Amino acid sequence: MATAAPQRLQHQIALVTGGSSGIGAGVCLALAAEGATVVVNYSHSPEGAEETVGEIEKAGGKAIALKADVSKEDDVLRMFSQIREQFGTLHILVSNAGIQEDAPFLDMTLEQWQKVLDVNLTGQFLCAREAAREFMRRGPQPEISKATGKIICMSSVHEVIPWAGHVNYATSKGGIMLLMKSMAQELAPHKIRVNSIGPGAIKTPINNEAWETPEAAKKLLELIPYGRIGEPDDIGKVAVWLASDEADYITGVTLFADGGMTLYPGFASNG
Ligand code: NAD
């Protein structure tokens, strides 16, 4: 009789920011299915996070919801001390929270620029710094994980693809790339691995106007050589692998999960 594969993240505590919807919720479910206890962070209303927690518990996993606006230092510090009080430590951070506030460049207000940078980039800095501090405080636990800690930043194909009409968003994702690589360089001697995931087009509330109607979906598919729009679980599976010991020699990379969007499909028949 075949035995079930061992869960890859057993005895590990994971924090997923913005785990109340979309990709974050998909990542929470995937980490929990591999045995991690998941802290589902949300910024304002708890409903989405409680739904994610409920789904995890229904499947036999462990999770709690915690409120914090990742762009506010006090909120982030409070969330990390709550995690320490409740679970003793943290092993995995998936820094997923992100927003769009689109506007043509000529019309973009300082407020729109600042809001996106605050959540998408400063939020990554604050959460990663607190996670790294906690990993260092706790020290190695090789019986649980080869790396002392794992940080996964949710970036985007727009860390390399320029995006007119979204300069604040593309700037934030380009910034995440060198934040992630510089942290990876600095933290590798402490056995802390830092990587990013670069999703392409994934069906979530952030971009519903891009896939909701058949016309919009057809236009979007022109940018995706692999011929389908991604699902949150496509990203959840990547996050599990990057956080697991199977990826123990991987640090400082962005793993694009984009159905080939970064292959410049406009050049496929124009050589
Ligand atoms: P989403 O809108 O469903 O999820 C964003 C999450 O971030 C929500 O849960 C939201 O509540 C949370 N959030 C927003 N501001 C916050 C704050 N200040 N503090 C804490 N949480 C906050 O969209 P999504 O598509 O699931 O996006 C998740 C991440 O994936 C984002 O970083 C986004 O840039 C990235 N991404 C998405 C796509 C895509 O196609 N959907 C592609 C590339 C990258």
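Counting starts at 1 for both ligands and their atoms, following the listed order. All of these numbers come straight from a predicted model, not from anything done at the bench.
Within the 4.0 Å heavy-atom shell around ligand 1 one does not find His44. Put simply, part of Ser155 is less than 4.0 Å from ligand 1, judged by heavy atoms.
Counting heavy atoms from C-beta on, the side chains of Gln86 and Val39 never come closer than 4.5 Å. Taking the side chain as every heavy atom from C-beta outward, Met154 and Val27 approach each other to under 4.5 Å. Using a 4.5 Å cut-off on side-chain heavy atoms (C-beta onward), Ile176 and Leu121 make contact. Considering only heavy atoms from C-beta on, Glu55 stays 4.5 Å or farther from Thr52 through its side chain. Between Arg84 and Arg137 the shortest side-chain heavy-atom distance falls below 4.5 Å.
Between the choices Ile206, Asp69, Ile229, the shortest heavy-atom distance to atom 27 (O) of ligand 1 belongs to Ile206. Distances from atom 20 (C) of ligand 1 to the heavy atoms of Ser43, Ser45, Pro232, Gly19 put Ser43 nearest. Closest heavy-atom approach to atom 4 (O) of ligand 1 among the candidates Ser21, Cys127, Gly230: Ser21. Of the options Ile176, Val76, Ile197, Thr204, the smallest heavy-atom separation from atom 41 (N) of ligand 1 is shown by Thr204.
Within ligand 1, the atoms closer than 4.0 Å to a non-hydrogen atom of Ala68 are 19 (N), 20 (C), numbered from 1 in the order shown. Annotation for ligand 1: atoms under 4.0 Å from non-hydrogen atoms of Gly200 are 38 (C), 39 (C), 40 (O), 42 (C), 43 (C). Atom numbering of ligand 1 starts at 1 in the shown order; those under 4.0 Å from a heavy atom of Asn41 are 20 (C), 21 (N). In the vicinity of Ser20, heavy-atom distances shorter than 4.0 Å reach the ligand 1 atoms 9 (O), 11 (O). Atom numbering of ligand 1 starts at 1 in the shown order; those under 4.0 Å from a heavy atom of Ile99 are 14 (C), 15 (N). Within ligand 1, the atoms closer than 4.0 Å to a non-hydrogen atom of Gly22 are 3 (O), 26 (O), numbered from 1 in the order shown.
The shortest N or O to N or O distance between Ser156 and ligand 1 is not under 3.5 Å. Considering backbone and side-chain atoms alike, Ser71 places every N or O at 3.5 Å or more from each N or O of ligand 1. Checking only distances, Ala201 never comes within under 3.5 Å of ligand 1, N or O to N or O. Checked by distance only, ligand 1 and Val119 stay at 3.5 Å or farther apart across all their nitrogen or oxygen atoms. At least one N or O atom of Ile202, backbone or side chain, sits closer than 3.5 Å to an N or O atom of ligand 1. By the 3.5 Å distance cut-off applied to N or O atoms, Val70 is counted among the residues near ligand 1.
Side-chain contact annotation: Gln141 with His91, donor-acceptor N/O pair under 3.5 Å present.
Using a 30° and 60° split on the angle between ring planes, His166 and Trp163 fall in the parallel class, below 30°.
Of the protein's heavy atoms, Gly98 O, 3.5 Å lies nearest to atom 5 (C) of ligand 1. Protein heavy atom closest to atom 36 (N) of ligand 1, with residue, atom name and distance, is Tyr169 OH, 3.6 Å. At the shortest separation from atom 28 (C) of ligand 1 among protein heavy atoms lies Asn96 OD1, 3.2 Å. Among all non-hydrogen protein atoms, the one lying nearest atom 26 (O) of ligand 1 is Ile23 N, 2.7 Å.
Separation of atoms CD (Glu222) and NZ (Lys218) is listed at 6.0 Å; rounding is to 0.5 Å. Atom-to-atom distance recorded for Ile99:CD1 and Tyr169:OH is 10.5 Å, nearest 0.5 angstrom.
By the 6.0 Å contact criterion, CD on Glu212 is enclosed, its count of non-hydrogen atoms from other residues, nucleotides or ligands being greater than 12. Dense packing is recorded around CD of Gln112, with more than 12 heavy atoms of other residues, nucleotides or ligands lying under 6.0 Å away.
Closer than 4.0 Å to atom 33 (C) of ligand 1 lies at least one heavy atom of the protein.
Residues in residues 147-160 take part in no salt bridge (Lys or Arg N to Asp or Glu O under 4.0 Å) pair, two or more places apart or across chains.
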